[in-house]
Amino acid sequence: MATNEDLFRKIISHAKEYGYVFPSSEIYDGLSAVYDYGPFGSELKKNIRDYWWRSMVQLHENIVGIDAAIFMHPMVWKASGHVDAFNDPMIDNKDSKKRYRADVLVEDHLQKIEDKITKEVEKARQRFGASFDEKMFRETNPRVKEHQGKVEDIKKRLYGSLDKNDFAAVKALIEELGIVCPISGTRNWTEVRQFNLMFSTQMGSVNEDSGEIYLRPETAQGIFVNFLNVMKSARMKIPFGIAQTGKAFRNEIVARQFLFRMREFEQMEMQYFVKPGEEMKWYEFWKEERMKWHLSLGIPKEKYRFHTHEKLAHYANAAADIEFDFPIGFKELEGIHSRTDFDLGSHQKYSGKKLQYFDQETNESYVPYVVETSIGLDRTFLAVLSHAYREEKLDDGSERVVLGIQPMLAPIKVAVLPLVKKDGLPEKARLIMDRLVPEFRCFYEEKDTIGRRYRRMDAIGTPFAVTIDHQTLQDDTVTIRHRDTMLQDRIPSKEIAGIVRDKLAPGK
RNA sequence: GCGGUAGUAGCUCAGAUGGUAGAGCAUCAGCUUCCCAAGCUGAGGGUCGUGGGUUCGAUCCCCAUUUACCGCUCCA
């Protein structure tokens with residue numbers, strides 16, 4: 001395990017050193033769990049995104065794309081369940097390190113008082129037998145009345161404070177009531193804090209509470225709210241899919257592990273709308289389809305596995321993750337979820353708009369079921385990068401670090417290198433470069449020895465290096481060096497494009 | 001978020017028990033022209049993570065803060 005953590009560290013520093021990934025705002029010490037993609041990283045990320053788009057949208061006639069805004073109407077997050085699920089005030093006990101919902105702690109305390117009341121009532125009932133009037137007893141018994149008064153008082157304060165988001169008052173109440181941690185038995189509490197997974201900001205006038213909007217915590221809702229627009233304008237018939245890629249934001253309590261868990265990240269999602277009852281068929285279809293996609297990245301299947309969810313989220317009736325064997329272990333890369341009609345149904349309820357599909361064959365309309373494929377772009381980037389990274393010991397005893405990224409995804413496809421920077425070699429190299437540049441991302445370099453330049457290209461994962469030497473001036477042949485084997489062929493310069501192009505297909 | 005550890009040039013690190021820092025590699029310029037890194041000459045680059053305090057004086061002591069890592073917690 002120690003060596004794997006070591007490997008992970010090496011990949012992170014390699015990513016920084018070679019312009020793949022930088023800590024955000026690094027000159028100001030960085031911003032926790034936020035990263036920027038550099039010159040080569042942004043190319044790799046874009047190549048992965050483009051390949052996904054091509055696979056999902058371009059190659060499926062019944063899948064279309066959209067690009068929804070990050071800002072959405074606040075009601076969207078009510079309907080999706082995000083607002084209610086993450087508005088709880090939390091408090092930690094510093095001794096037991098346990099976290100509780102502050103309101104639940106107080107409510108538990110209230111329950112104890114209620115129990116006392118019940119006990120009094122039961123005692124009295126036994127004493128008075130059949131003639132016992134519970135209502136009368138509750139209204140007149142001084143002890144019960146006192147307890148009851150306390151309960152009312154506490155409830156008023158608790159819910160009053162919660163409504164005003166006055167968490168200091170909630171903590172004061174907990175301290176005043178002498179509530180102790182059930183585990184440590186101490187009153188050593190932290191402040192009461194709210195952990196809302198969604199980032200919020202103000203839209204328009206800032207002086208009204210109603211101006212608060214959220215940055216989307218997932219891209220899926222942008223697809224659901226556009227369901228009708230897309231279906232009508234693109235004249236889609238079920239089953240059909242809507243795809244999009246884009247940023248999402250989650251205010252994770254603990255965000256760590258480099259690109260794996262970031263507060264700002266990019267998703268690539270496709271929501272597939274199907275006839276209710278057929279969802280399991282499509283769920284299985286997309287599980288298989290998506291796994292094939294991963295394998296086409298040139299990564300062996302031992303690196304992947306499915307993880308089927310036992311405990312299902314409120315919106316799902318089946319769910320599986322595709323996990324990848326990162327240096328930090330097998331972790332989720334993509335989710336394939338059968339979301340039923342939860343989302344469309346909920347939006348239908350909250351918006352009052354009919355989100356249904358009219359089936360011409362059966363003459364009936366229904367709310368479609370949804371099978372979702374949702375993949376993390378940054379995580380896929382990390383998977384590609386960590387699989388590609390390798391250190392090699394060469395026969396001559398030297399070492400090299402190579403990014404064995406498959407050519408289709410590599411940031412730079414071809415390096416153009418004059419063997420020396422005189423005798424007209426740079427000029428000749430430029431001519432060859434000019435012919436390649438319109439089709440391939442190229443990199444020209446004449447500084448340093450040829451060996452050092454090869455190593456630099458290995459380190460950023462460039463699959464081909466074309467070297468122009470003195471013979472090139474005579475017969476227009478060059479040597480083309482292959483990154484992974486380090487072998488060279490001498491070929492006419494006209495053939496370079498064909499050889500490179502041939503390797504840019506998936507799986508090569 | 002809690003606890004622990006760390007933060008000296010782009011990278012890897014050294015340093016003095018408080019008197020304002022150095023190496024190798026890298027970078028840049030020139031020479032060398034050599035098909036798989038580390039040839040020669042020269043140059044640039046650090047308010048020792050940031051802010052405050054103690055002190056005649058702090059990179060070194062104290063406090064706060066930030067970032068990273070490890071453990072816990074969390075992850076609809």
Side-chain angles (χ1 to χ4, degrees), chain A residues 1-2 5-6 8-10 12-14 16-19 22-35 77 80-88 90-100 188-198 217-218 220 250-258 260-261 263 309 311-316 319 328 331-332 335 337 339 342 392 394-402 417-423 425 446-459 465-471 478-483 485-488 490:
Chain A
M1 212 59 203
E5 277 164 18
D6 203 42
F8 197 49
R9 244 187 297 266
K10 280 181 180 168
I12 293 168
S13 67
H14 188 87
K16 188 185 162 197
E17 186 175 355
Y18 289 94
F22 310 124
S24 161
S25 334
E26 203 191 5
I27 60 169
Y28 292 106
D29 259 349
L31 188 61
S32 187
V34 185
Y35 292 90
W77 309 113
S80 69
H82 285 82
V83 170
D84 292 333
F86 292 100
N87 257 344
D88 308 328
M90 307 298 282
I91 190 166
D92 293 3
N93 184 272
K94 290 182 189 170
D95 298 310
S96 65
K97 314 274 188 220
K98 286 289 164 196
R99 174 168 299 159
Y100 304 92
N188 194 5
W189 297 108
T190 63
E191 297 305 310
V192 175
R193 289 166 303 229
Q194 198 161 21
F195 293 93
N196 192 328
L197 209 57
M198 290 192 289
E218 63 175 29
R250 292 183 197 179
N251 195 6
E252 303 279 357
I253 299 166
V254 175
R256 255 182 232 175
Q257 292 169 318
F258 196 41
F260 188 79
R261 177 157 293 139
R263 297 206 163 93
H309 290 205
K311 251 175 55 187
L312 292 168
H314 60 276
Y315 54 71
I328 47 175
K331 302 260 187 192
E332 178 186 353
H337 297 181
R339 295 179 74 124
F342 174 84
E392 288 181 356
L394 304 179
D395 293 340
D396 64 0
S398 66
E399 287 178 19
R400 70 165 185 161
V401 176
V402 193
L417 316 170
L419 186 60
V420 296
K421 57 179 166 189
K422 63 172 193 182
D423 302 336
L425 295 190
E446 58 185 40
K447 201 182 145 36
D448 288 318
T449 62
I450 192 70
R452 187 194 287 273
R453 281 178 276 167
Y454 286 152
R455 297 297 170 87
R456 268 204 292 264
M457 286 300 113
D458 291 341
V466 169
T467 303
I468 287 78
D469 56 18
H470 292 90
Q471 193 182 327
V478 298
T479 61
I480 184 163
R481 172 196 184 261
H482 302 268
R483 174 194 66 201
T485 59
M486 297 174 72
L487 295 176
Q488 289 175 287
R490 181 161 282 276

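Small disclaimer: the values here were computed from a predicted structure and weren't measured. Because only heavy atoms are used, hydrogens play no part in the values below, and waters and symmetry mates are left out as well, while side chains stay in. Order of the sequence lines sets the chain letters (A, B, ...), proteins ahead of strands, with each chain counted from 1.
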Short side-chain N/O contact to [N] OP1/OP2 from [X], under 4.0 Å:
| X | N | value |
| --- | --- | --- |
| A/R256 | B/U67 | no |
| A/K16 | B/C11 | yes |
| A/T449 | B/C35 | no |
| A/R455 | B/A37 | yes |
| A/R452 | B/A26 | yes |

Which one, B/A68, B/A29, B/C34, comes nearest to the side chain of A/V420?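 Output: B/C34.
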Can you identify which nucleotide, out of B/G49, B/U33, B/A68, has its nearest atom closest to the A/D29 side chain?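 Nearest to the side-chain atoms of A/D29, counting from C-beta on, is B/G49.
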Write down the partner of [N] under the Watson-Crick or G-U wobble criteria, each distance required to be under 3.5 Å.
| N | result |
| --- | --- |
| B/G71 | B/C2 |
| B/C61 | B/G53 |
| B/G30 | B/C40 |
| B/G22 | B/C13 |

Nearest-Å distance for atom pair [atom1]/[atom2], residues [X] and [N]:
| X | N | atom1 | atom2 | answer |
| --- | --- | --- | --- | --- |
| A/E446 | B/U33 | CD | C1' | 13 Å |
| A/H82 | B/C75 | NE2 | P | 14 Å |
| A/D448 | B/U32 | CG | P | 16 Å |
| A/D6 | B/A68 | CG | P | 19 Å |
| A/Y454 | B/A37 | OH | P | 11 Å |
| A/K422 | B/G30 | NZ | P | 15 Å |
| A/L31 | B/G49 | CG | P | 20 Å |
| A/E26 | B/A68 | CD | C1' | 11 Å |

Using only modelled atom types and a 3.5 angstrom limit, is any donor from either the side chain of [X] or the base of [N] paired with an acceptor on the other?
| X | N | result |
| --- | --- | --- |
| A/R261 | B/C75 | yes |
| A/R453 | B/C36 | no |
| A/Q488 | B/C35 | yes |

Checking side chain to side chain donor-acceptor pair (under 3.5 Å) between A/Y454 and each of A/Q488, A/R483, A/R481, which is the one that passes?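 Testing A/Y454 for a side chain to side chain donor-acceptor pair (under 3.5 Å) against A/Q488, A/R483, A/R481 leaves exactly one candidate, A/Q488.
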Quick one, [X] and [Y] - any side-chain contact, counting heavy atoms below 4.5 Å?
| X | Y | result |
| --- | --- | --- |
| A/L312 | A/H337 | no |
| A/R250 | A/E218 | yes |
| A/K16 | A/Y35 | no |
| A/L394 | A/M486 | yes |
| A/D448 | A/R456 | yes |

Using a 4.0 Å heavy-atom cut-off across all strands, classify [X] as base, sugar-phosphate, or nothing.
| X | answer |
| --- | --- |
| A/D458 | nothing |
| A/R481 | base |
| A/E392 | nothing |
| A/S32 | sugar-phosphate |
| A/L419 | base |
| A/K331 | nothing |
| A/S13 | nothing |
| A/A319 | nothing |

Taking the [atom1] atom of each, how far is [N] from [M], in whole Å?
| N | M | atom1 | answer |
| --- | --- | --- | --- |
| B/G51 | B/U67 | C1' | 15 Å |
| B/A9 | B/G22 | P | 14 Å |
| B/U33 | B/C48 | C1' | 42 Å |

Which atom names give the shortest non-hydrogen contact between A/R455 and A/E399, and what distance separates them? NH1-O, 3.1 Å
